[in-house]
Peer 1: 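Would you mind keeping the following structure in view while I ask a few things?
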Number of protein chains: 2
Amino acid sequence: MKAEPVKNEDEPKDKRLKGGDAQKLTMAEVAKYVGVSAMTVSRAFRQDASVSEETRKRIMEAVDALGYVLDLSAGSLSSRRSGFIAALVPSINNSNFSDTARGITDALEDTGLQLLLGYTDYSAEKEEKLIEAMLRRRPEGIILTGGSHTDRARRMLDKAGIPVVETWEIPEEPINHVVGFSNSEAMSLLVRALASQGYRRFGYIGGTTARDTRGSQRRSGFLRTVEELGLGPGRAISFGVPPISMEQGGQAIVSLLERWPDTEVVLCVSDLSAFGAIMECKRRGMRVPEDIAIAGFGDYEISSICHPSITTINVDCYGIGRQAAARLLDALQGSGETTGDEITLTGYRVVLRESTDRSAQ
Amino acid sequence: MKAEPVKNEDEPKDKRLKGGDAQKLTMAEVAKYVGVSAMTVSRAFRQDASVSEETRKRIMEAVDALGYVLDLSAGSLSSRRSGFIAALVPSINNSNFSDTARGITDALEDTGLQLLLGYTDYSAEKEEKLIEAMLRRRPEGIILTGGSHTDRARRMLDKAGIPVVETWEIPEEPINHVVGFSNSEAMSLLVRALASQGYRRFGYIGGTTARDTRGSQRRSGFLRTVEELGLGPGRAISFGVPPISMEQGGQAIVSLLERWPDTEVVLCVSDLSAFGAIMECKRRGMRVPEDIAIAGFGDYEISSICHPSITTINVDCYGIGRQAAARLLDALQGSGETTGDEITLTGYRVVLRESTDRSAQ
DNA sequence: TCTCAAATTGTTATCGATACCATAATGCTT
DNA sequence: AAGCATTATGGTATCGATAACAATTTGAGA
């Protein structure tokens with residue numbers, strides 16, 4: 001029987017090219033250095049634990065002197081708490097969603113929870129893969145965008161037994177918690193607001209694919225409302241795959257106006273395409289809103305700055321993130337008291353700006 | 001065999017408050033179910049391991065049937081490989097940086113490595129905290145933005161003994177790897193390009209704080225080059241704390257033109273402030289570039305779409321991310337062969353557009 | 001002074017997967 | 001047929017922290 005099957009001390013060969021002394025420092029070594037047990041060191045790292053102030057101080061000094069950094073992967077294994085929250089957004093380049101991500105991060109500050117962020121690129125398949133990758137890290141909760149998931153994704157989430165928050169829309173079959181709003185209703189509100197200003201011939205830019213459910217909902221909200229108001233069939237144009245870029249917004253409005261030249265106002269699936277559309281119009285010498293009025297969705301920073309400023313729907317992106325995280329924290333700390341499956345509706349409002357200013361016409 | 005595509009589990013569901021049966025399923029149970037050892041199941045999950053195809057298939061079927069999800073926190077503890085790469089960016093709302101984040105994520109795909117993303121809000125203190133939080137997860141490598149770090153941050157990174165990549169600039173004292181470019185030189189190039197078009201009276205918008213080192217470098221590149229070209233002292237305006245928003249760009253140009261009304265061309269620290277400046281000018285009835293030429297930095301999507309389109313410096317944001325990740329992967333797999341501490345220079349180029357079109361004047 | 005509860009610290013057994021080594025089975029060579 | 005490399009699989013000891021429980025000290029009240 002071999003007494004020494006393990007290499008006790010890894011010889012500092014050229015294992016690490018980098019400078020630092022890369023010996024692994026453990027809690028036990030810190031403990032020995034201070035003259036306490038590892039358990040006491042562990043306790044010193046958590047604020048609730050009972051360690052005398054004097055001992056904690058000595059431990060922390062040692063931690064500092066030795067340069068010890070807590071190892072959470074070990075900790076989470078034994079405590080069975082990963083300290084992770086997972087969040088999936090369609091895109092991190094879209095500032096609406098990165099605002100939501102920021103809201104989540106901010107809400108998580110000082111909770112000891114860390115955000116694992118992934119982007120699905122508007123694909124349910126990619127979402128499924130990401131969900132699995134995330135679950136392998138055993139997150140304590142997960143925040144999703146939208147309510148459209150593959151069956152396997154649903155099964156995995158169900159099995160995981162962790163709180164789930166779906167955001168940014170109201171799913172038909174919520175998994176668990178929801179923090180969102182009706183994209184269809186929001187777009188409807190915008191149509192009504194513009195109709196009440198006297199606009200009659202409405203156009204729409206934005207596709208209807210399974211990839212972007214929120215976009216589809218906005219579109220259907222548009223079509224339904226135009227119909228309801230008796231303003232004939234809405235004139236809707238699809239262009240490219242979601243998310244529609246600024247450039248595609250420009251191309252789309254050209255098509256739309258070629259097909260229906262007498263259109264008075266065009267609503268876009270997002271401010272980005274609205275911006276592209278407006279700029280294309282200006283480039284072609286058309287005046288906005290005098291010749292054509294254009295509105296967007298999402299109230300991106302660009303829309304208030306742009307000249308003309310862009311009429312839009314303001315959505316509380318950051319708040320969605322904060323509230324989603326808050327729901328999760330609640331579910332985690334609330335010891336199961338809170339009834340799950342509640343829907344938190346977030347607000348939105350029409351922001352009328354120059355791009356649809358009727359008085360200019 | 002059940003034929004029902006049920007959406008809930010077939011077991012009584014009032015077991016826990018949440019849907020799924022949340023009993024923890026371990027590899028050992030999967031192994032028992034299949035009739036092999038846990039070790040074999042573990043091997044079946046890695047592609048390189050030697051497991052007969054037949055066994056692997058049986059295992060994977062069992063995994064599927066039982067709904068087992070690998071637990072990486074346990075795995076990384078014993079394998080001493082976390083599977084994490086950490087990356088810190090100043091802001092996730094800035095699309096330049098989110099492009100970089102996307103580049104990193106894409107480069108990491110299929111490597112089995114996962115990205116831990118954090119944003120520092122342009123603060124070295126926040127960066128220090130984040131570095132510690134990240135190191136607690138024992139990332140195998142870390143990507144930072146910029147070269148300005150606190151001493152403690154440097155010490156922690158050194159001690160961690162993992163490859164570090166600093167991006168987006170060329171630090172004076174690189175920690176390890178660098179993937180970036182000289183912001184000062186890039187801005188200088190833009191100044192020269194515009195000077196060669198005949199512009200003489202140059203203005204600049206963008207502060208010089210320690211918070212945004214890239215911004216400071218651009219500013220000093222501007223001032224230095226204007227000086228070198230014998231174009232008198234540059235007229236530079238600071239406004240607000242970094243990152244300068246679109247709105248602040250608008251306010252800044254007003255100040256600048258009040259102070260130096262004869263300015264011919266204004267360079268901005270980023271396209272965002274340039275856009276804000278242009279829109280403010282248009283709002284005030286000034287023509288761009290006829291009355292005032294304006295240029296930005298970063299080649300955001302907005303700049304090619306905007307009317308007038310915005311002259312800028314194109315930086316390969318996405319490529320910076322990809323290359324940074326590639327350097328890390330290289331350092332990790334390269335078995336220490338590669339010499340560390342190399343600097344990878346990324347490209348940039350002047351993109352002349354309408355906003356500085358001299359022929360329009 | 002003694003008792004009991006609270007505060008503080010220590011000991012031991014995990015958490016769940018994987019490294020490492022051993023072993024069994026298979027195939028190919030001479 | 002023996003020899004040996006190769007492939008497939010199992011057994012055991014960790015990885016590093018923490019939960020759970022035990023032990024010790026301290027202080028207040030009887």
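Only this structure's heavy atoms are used, side chains among them; waters, hydrogens and symmetry mates stay out. Not measured: the values here are computed from a predicted model.
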Peer 1: Between atom CZ in A:F45 and atom P in D:dG16, what is the gap in whole Å?
Peer 2: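 After rounding, the reported distance stands at 15 Å.
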Peer 1: Base, sugar-phosphate, or nothing for A:M39, non-hydrogen atoms under 4.0 angstrom?
Peer 2: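 The residue A:M39 makes base contact.
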Peer 1: Could you check how far CG of A:L25 sits from C1' of D:dC15, rounded to whole Å?
Peer 2: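 Rounding to the nearest Å, CG of A:L25 and C1' of D:dC15 are 15 Å apart.
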Peer 1: Answer yes when B:R138 and A:D71 have at least one side-chain N-carboxylate O distance shorter than 4.0 Å, and no when they do not.
Peer 2: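 Salt bridge present between B:R138 and A:D71.
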Peer 1: Could one point to a donor on the side chain of B:R138 or the base of D:dG16 with an acceptor on the other under 3.5 Å away?
Peer 2: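 No such pair is found, so the answer is no.
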Peer 1: Scan B:S76 against the nucleic acid and name what it touches under 4.0 Å (heavy atoms): base, sugar-phosphate only, or nothing.
Peer 2: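 Counting heavy atoms under 4.0 Å across all strands, no contact is made by B:S76.
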Peer 1: Nearest to the side chain of B:R80, heavy atoms from C-beta on, is which of D:dG16, C:dT9, D:dT18?
Peer 2: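 The nucleotide sitting nearest to the side chain is D:dG16.
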Peer 1: Name the residue from A:I59, A:L66, A:V63 that meets the side-chain contact (heavy atoms from CB on, under 4.5 Å) definition with A:V34.
Peer 2: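 Among A:I59, A:L66, A:V63, the one meeting side-chain contact (heavy atoms from CB on, under 4.5 Å) with A:V34 is A:I59.
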Peer 1: Could you work out which one of D:dT18, C:dT9, C:dA19 sits closest to the side chain of A:S42?
Peer 2: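 That would be D:dT18.
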Peer 1: With a 6.0 Å cut-off on ring centres, are A:F97 and A:Y318 close enough?
Peer 2: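 No - the distance between ring centres of A:F97 and A:Y318 does not fall below the 6.0 Å cut-off.
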Peer 1: Nearest to the side chain of A:R43, which nucleotide is it out of C:dT9, D:dT9, D:dG16?
Peer 2: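 The answer is C:dT9, which lies nearest to the side chain.
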Peer 1: Report which part of the nucleic acid B:V41 touches: base, sugar-phosphate, or nothing (heavy-atom distance under 4.0 Å, all strands).
Peer 2: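 Here B:V41 touches no strand at all.
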Peer 1: Can you figure out which of C:dG16, C:dG10, D:dA17 approaches the side chain of A:M27 most closely?
Peer 2: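 Nearest listed nucleotide: D:dA17.
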Peer 1: Of the options C:dG16, C:dT8, C:dT18, whose atoms approach the side-chain atoms of A:S50 most closely?
Peer 2: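 Minimum distance to the A:S50 side chain belongs to C:dT8.
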Peer 1: Side chains of A:E127 and A:T150, heavy atoms from C-beta outward: is any pair under 4.5 Å?
Peer 2: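 Side-chain contact under 4.5 Å: no.
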Peer 1: May I have the distance from B:R137 (atom CZ) to D:dA17 (atom C1'), rounded to whole angstrom?
Peer 2: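 Roughly 13 Å, once rounded to whole Å.
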Peer 1: Tell me the interatomic distance from A:K32, atom NZ, to D:dG16, atom P, rounded to whole angstroms.
Peer 2: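 In whole Å, D:dG16 P lies 13 Å from A:K32 NZ.
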Peer 1: If you measure from the Lys or Arg side-chain nitrogens to the Asp or Glu carboxylate oxygens, is any gap between B:E173 and B:R154 under 4.0 Å?
Peer 2: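 Salt bridge: no.
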Peer 1: Nearest to the side chain of A:L70, heavy atoms from C-beta on, is which of D:dC15, D:dA17, C:dG10?
Peer 2: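 In terms of side-chain proximity for A:L70, the closest of D:dC15, D:dA17, C:dG10 is D:dA17.
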Peer 1: Would you mind telling me which residue lines up with the more 5' stretch of DNA chain C, A:S52 or B:Y68, judged by nearest nucleotide?
Peer 2: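 Checking each residue's closest nucleotide, the 5'-ward one belongs to A:S52.
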Peer 1: Report yes if a side-chain nitrogen or oxygen of B:T55 is closer than 4.0 Å to either non-bridging phosphate oxygen (OP1 or OP2) of D:dT9; otherwise report no.
Peer 2: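 It does, given that an N or O in the side chain of B:T55 lies less than 4.0 Å from OP1 or OP2 of D:dT9.
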Peer 1: Measure the distance from CZ on B:R46 to P on C:dC20 and round it to the nearest whole Å.
Peer 2: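 So the CZ-P distance, B:R46 to C:dC20, works out to 11 Å.
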Peer 1: Remember a base hit wins even if backbone is also touched, and classify B:S79 as base, sugar-phosphate or nothing at under 4.0 Å, heavy atoms.
Peer 2: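 The residue B:S79 makes sugar-phosphate contact but no base contact.
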Peer 1: Rounded to the nearest Å, what distance is computed from the NZ atom of residue B:K24 to the C1' atom of nucleotide C:dC15?
Peer 2: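 Value for this atom pair: 10 Å.
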Peer 1: Let me know the distance between CG of A:L77 and P of C:dA17, rounded to the nearest Å.
Peer 2: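 Computing the A:L77:CG to C:dA17:P distance gives 9 Å.
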Peer 1: With the side chain counted from C-beta on, respond yes when B:V36 and B:T55 share a heavy-atom pair under 4.5 Å apart, and no when they do not.
Peer 2: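 They are in side-chain contact.
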Peer 1: Would you tell me if any nitrogen or oxygen in the side chain of B:T26 comes within less than 4.0 Å of OP1 or OP2 on C:dC15?
Peer 2: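 No, outside the criterion.
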Peer 1: Under 4.0 Å, counting only non-hydrogen atoms across every strand here, what does A:S73 touch: a base, just sugar-phosphate, or nothing?
Peer 2: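 Answer is nothing: A:S73 stays at 4.0 Å or more from every strand.
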Peer 1: Rounding to an integer number of Å, can you tell me how far A:R136 CZ sits from C:dG16 P?
Peer 2: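 Distance check: A:R136 CZ to C:dG16 P gives 17 Å.
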Peer 1: Can you tell me which nucleotide in C:dT18, D:dG16, C:dG10 comes closest to the side chain of A:D71?
Peer 2: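 So the side chain of A:D71 is nearest to D:dG16.
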Peer 1: Out of C:dA17, D:dG16, C:dA19, which has the shortest distance to the side chain of B:S78?
Peer 2: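 From the listed options, C:dA17 comes nearest.
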